[in-house]
Amino acid sequence: MCDGTSDAPCGQERFCTVLDWKTLQFGVAGLIMFHMGLALLQAGRSRSKNAVSALMEHISALLLSIIVFWLCGFAFAFGDGNLFAGSSYFVFKDLPDSQLLPFCFHALLSAIPCRFVFGSVA
């Protein structure tokens, strides 16, 4: 099992860690393709003269939501603190390297609702 118990053999624990990282990498790649698909769908549903504008709207909304998640979202969700909100990892302060890939996954995941709202308005 990949629960990090100490009675697991060393090889099995390493396999579980590698499997977790590979799963996160595929998740990040899938979310990037999902955002590209949403951008192309929105550009395809608009008039040809507005296609570049729709793509730029998608890219700017994606970057803005990732920046906001970087500033405070990751710290509130995963930082050390009380049960309601975290009080560490603001702007990656004292963030361990092992948390960078989960940050990418959650930042891309947090940008999806923003895309749905902008896509319905366009």
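If you read the sequence from its start, that first residue is 1, and numbering goes on from there. What you are looking at is a predicted structure, and each value in this text was computed from that prediction instead of being measured.
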Nearest-0.5 Å distance, CE of residue M36 to CG of residue L62: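 Reported value, rounded in 0.5 Å steps: 11.5 Å.
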Distance check, rounded to the nearest 0.5 Å: I59 atom CD1 versus L64 atom CG? 13.5 Å
Where [X] and [Y] come nearest, the two heavy atoms and their spacing:
X    : Y   : answer
A111 : S65 : CB-OG, 3.1 Å
F90  : L71 : CD2-O, 3.5 Å
L55  : A39 : CD2-O, 3.6 Å
F74  : L95 : CE2-CD1, 3.5 Å
C114 : A61 : SG-CB, 3.9 Å

Which pairs pass side chain to side chain donor-acceptor pair (under 3.5 Å) with one or both residues in residues 43-52, sequence neighbours excluded?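 Pairs touching residues 43-52 that pass the test: none.
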Which pairs count as side chain to side chain donor-acceptor pair (under 3.5 Å) when at least one residue sits in residues 104-116, sequence neighbours excluded? Q42-R115, H58-R115
Can you hop from [X] to [Y] via hydrophobic side chains spaced under 4.5 Å?
X   : Y    : result
L31 : F116 : yes
I66 : L109 : yes
V91 : I67  : yes
W70 : L63  : no

Answer with yes or no after comparing the ring centroid distance for F69 and F103 against a 6.0 Å cut-off, counting only values under it.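 F69 vs F103: aromatic centres under 6.0 Å.
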From CA spacing to verdict: side-chain contact (heavy atoms from CB on, under 4.5 Å), F34, L108: CA-CA 10 Å; F34 180 77; L108 288 171; over 6 Å; no
Do L24 and P102 come within less than 4.5 Å of each other through their side chains, counting heavy atoms only? yes
